[in-house]
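Proteins come first, then strands; the chains are lettered A, B, ... in the order of their sequence lines, and each starts at number 1.
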Amino acid sequence: MDTMTAIYVAMLLPLLAMAGNMAFSELKNVRDTFTLLCAMATFGCILIVLSNVGNGITEPVSAFTVFKGIDIAFNVEPLGLMFALIGSGLWILTHVYGVGYMRGNNESHHARFFACFCIAISSVIGIAFASNMFTLFLFYEILTVSTYPLVAHKGTPESIRGARTYLAILIGTSIALQLTAIIWTFVLTGTLDFTQGGILEGHVTGWIVPVLLGLYAFGIGKAALMPFHKWLPAAMVAPTPVSALLHAVAVVKAGVFTMLKVGIYIFGIDFLAQTNASEWLMWLAAYSIIAASVVAMFQDNLKKRLAYSTISQLSYITLGMALATSMGALGGGMHIAMHAMGKITLFMCAGAIYVKYHKTEISQMTGLGRAMPITFGAFLIGSLSIIGLPPLGGSWPKFLLMTASVDTGHLIIIGVLMLSSLLNVAYLLPVVGRAFFLPAPEGTPTKFAEAPLLCWLPPAITAIGCIVLFFYAGSIQTFLAPIVSVSP
Amino acid sequence: MADTAQVVEHTARTLRDHLPVLQVLVPFVTAPLIVLLGSRRLAWPLAFIASAVALVISFIMLMEVREGGMLTYTMGGWAPPLGIEYRVDAANAFVLLLISLIGTVVLPFAYASFRDEIKSRDHTLMYACWMLCFTGLLGMVATGDAFNVFVFLEISSLSTYVLVAMGADRDRRALTAAYDYLIMGTIGATFFVIGLGMLYMATGTLNMADMADRIADQGMNRTVRSGFAFIMVGMGLKVAMFPLHLWLPKAYTFAPSAVTVFLSATATKAALYVMMRFTFSVYNPDFAFATNTLEIIFIPLAVIAMFSASFVAVFQTNFKRMLAYSSIAQVGYMLLGVALLTDTGLTAAILHMFNHGLTKGLLFMGVGAYVLRANGSFYTQIAGLGRKMPITTGAVVIGGLSLIGVPGTAGFISKWILVEAALERAPEHAMFLAIAVAIVLSSLLAVVYVWRAFEVLYLSEPDPNSTATEAPLMMLIPMWILAGGCIWFGFSTELLHDTAVQAANGLLQGSQGMLVIPDQGGAH
């Protein structure tokens, strides 16, 4: 199968899965197996793209022209390919987990749930392979709209409120700021194609550069840069598989992925460095990193705590872009993979605890580790990866970011990153410590009684993935290298 | 002396050469035919066939002129400027297509809707009125004769008053709504004809091309200027330009559902076209620039309309009324595009006319389906219908997204081009940057009012006594045709866009565009 076909098929397969969900909505085993097969085939397609292209960059191929100068077009480049691999690969695990969760929890509207999920995945692949900003924005918005029903899934007043916040911030920022920035870019340069070295250089000068960057940075609400971060905790009312895949991987990563794309291919790292336009963004990202971590410490609800942790971690990636060096951009790119693996583990563990014991608050989980050793073990590994300790994947991007800060002479950023690690320790490890070491209060089960297999197996696998990634970080770095080399 | 005065022989030979007049004539003849036959069973098929023929004609004409050039037709072989001339170029072919497309697609819907909302003895006359309204709108757009515009304007207006008043079977307030519209509409038409009178005084001709030529010859004087003001105010009333919009919410809310669909998608657009034609072709863009009328008056009014009407829409409790207010805001976008006075701005306005026609037509059809099944369109009445009428509501969701301007829908494309147009002028003056921001901010208000409806439809608990079921196929098919259009033109809009650019170019060439006289009448 040639590369473009593989991309199209990868985008259509989730939609096929959606159709299957609608068609077999009453036959739950057929329905869920069908989706699983589609998920695997999707991942297979991305693997084909990988084996065809490797870490090369292909020419954009236009699917069709919207109007003059604007195409729906796709191409393959390492960053997008990595994002697609993560998204589709983790979809398989999340689907398995989601089936366990939704059944174990007796949630309603299975078919609608999985159908919206499939559209979201399809748009993630669209985002990953978009070769211009228009195409990316198209799928970005489809992703927003298709995840809204997932957040509002339970239909309780609380979830409707959460979903409203979710939508208001994501649509609000993207239409008011990002769209303006995109059209402005188009008016200034006459193109929106992602080009190595950026397209803005020579077309804008002075104050417009940081303003435009600001429109993008805040407009990409999915990157949860403060002060537009509230949607992420609000989205935690969604069922946990949604939080796991969408709000730890697909949606938020789509945000920071867009951020990197804009930094690397619209502005160009060198252009950002020359104009110093991103310096304010670097400080804002640093602030986001620390502030979100501090807020996370005071959350008792486990999912909310993880959400704030995500906000903090996403800003690492924004920071990597804003440092305006190739090392920073690489670190940011790599962090997409590492954080995805770590955070999905944590969310799936949180969901497993909820399915089995219906506990959502950290204070209720005292002593629960004896009953759920695998879940909490996986949680520990995920936490350590987020903190950034070797031998876990999360340590490498931090290392690269620190190197980049030294390169650019921003020593304070090193301090920020270290402080953030300490804060991560302070808000993640107590969850595990409490579960394993504190005496269990009356009524807490102490005998081994894990969540259903489908709920604990996927986080165990991703936890192992965190360890594996540590050893393959070098290959990821080599893989991503072409995105920052200016030569074509 | 003007080129227009030369003797032009009428040498029409084939049916194809008669298209510009057939466009108007077919529905015009159908209206009395329906009344004369007086058969309730034949009324609808006749109307539908006439509309479909009009659609085909407008499509053929669009294909002929979309690369530039124009079709002219001299009525009865009387050469202009003495005789009445029909003139179709990219700009009006585009609007003709919109009107006939909507007219045709809505009819099956109207059939189902009228049966429910209108006493059956009135059906025949209703379709006759409908055809007259259709004729009037098409005529306004197709003709190249200024007084003829007024005649067709009145034909469409008078029949519209009747159509709106027929909503009285459901709600007596339709009568006052129609009365309001009658008063305001008549004032508008009067202003328009006063303006025409002044132009006639100054130029001694009624043919638009000839008029353009003579205005250019004599330069500006007070008569010509006041004529412009009268025409703008008159048409502004019909367009529902803020603050001349007061008739619109009531008329749209209380008219029978199908009538609202038809009017919202076509009537204001036809009037806007006339406004553009007079601004750019009869007068020329230099005139508009020189007097700054458009920039100083239209831009603020358009921006106020975008915000205030959207804001009012947010607080409506009736879906239909909410959409009516939204229409006023959307007219603001179109006027803004016109007032930007650039190629891109006009393209945006023309494209938005079409896209918004599709979108609003679709949404009002959704309302019609709810009225049919749930007996009303108040939010309390349509609560939870998303589950009971999934196919209808699915289409409404697409329409709502297009109204917001979510990427992948038609509404997005026109909003994109409008913002682009504003930003293009940003280097001139920072005000245009603010306008670009205003466009996106006001579309956020659209998110609020549309989402409010979505939440009511999907997340509210349905009335336990409600027996609502899915709308009939006659309603679903037209809805999904428009929904398909909303999606299709959100992705592949090349054809529309090129035509709109062509139309905008033609309009911006000003009187030049009008001065070109084809070699022979009847043919192009």
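- Here A/Val66 is the residue among A/Val187, A/Leu188, A/Val66 with the most heavy-atom pairs under 4.5 Å with chain B.
- Around CZ of B/Phe59, the count of heavy atoms belonging to other residues, nucleotides or ligands within 6.0 Å does not exceed 12.
- A 4.5 Å side-chain heavy-atom check between B/Phe412 and A/Leu179 finds at least one atom pair inside the cut-off.
- Atom CZ of B/Phe307 has more than 12 heavy atoms from other residues, nucleotides or ligands within 6.0 Å.
- Contacts between A/Leu138 and chain B at a heavy-atom distance below 4.5 Å involve backbone atoms as well as side-chain atoms.
- Residue contact with chain A, scored on non-hydrogen atoms closer than 4.5 Å, is absent for B/Leu496.
- Of the atoms belonging to B/Ile439, not a single heavy atom falls under 4.5 Å from chain A.
- Distance CG/A/Leu167 to CH2/B/Trp451: 4.5 Å, rounded to 0.5 Å.
- The contact between B/Val419 and chain A is made by backbone and side chain atoms together, counting heavy-atom distances below 4.5 Å.
- Other residues, nucleotides and ligands contribute only 12 or fewer heavy atoms inside 6.0 Å of the CH2 atom of B/Trp488.
- The greatest number of non-hydrogen atom pairs below 4.5 Å with chain A, out of B/Ile417, B/Val440, B/Val437, is found for B/Val440.
- Among the candidates B/Val447, B/Leu423, B/Leu401, the residue making the largest number of heavy-atom pairs closer than 4.5 Å to chain A is B/Leu423.
- Atom CD1 of A/Ile183 is separated from atom NZ of B/Lys415 by 10.5 Å, given to the nearest 0.5 angstrom.
- Aromatic pair A/Tyr148/B/Tyr458: centroids not less than 6.0 angstrom apart.
- Interface residue B/Thr493: backbone and side-chain heavy atoms are both found under 4.5 Å from chain A.
- Of the two parts of A/Phe64, only the side chain, counted from C-beta on, holds a non-hydrogen atom closer than 4.5 Å to a non-hydrogen atom of chain B.
- In this pair, A/Phe134 and B/Trp416 present their aromatic rings perpendicular. The plane angle is above 60°, beyond the 30 to 60° band.
- The closest side-chain heavy-atom distance from A/Ile175 to B/Ile404 is below 4.5 Å.
- For A/Leu177, no part sits under 4.5 Å from any heavy atom of chain B, backbone or side chain.
- Taken from CD in B/Glu494 to CD1 in A/Ile70, the straight-line distance is 11.5 Å, to the nearest 0.5 Å.
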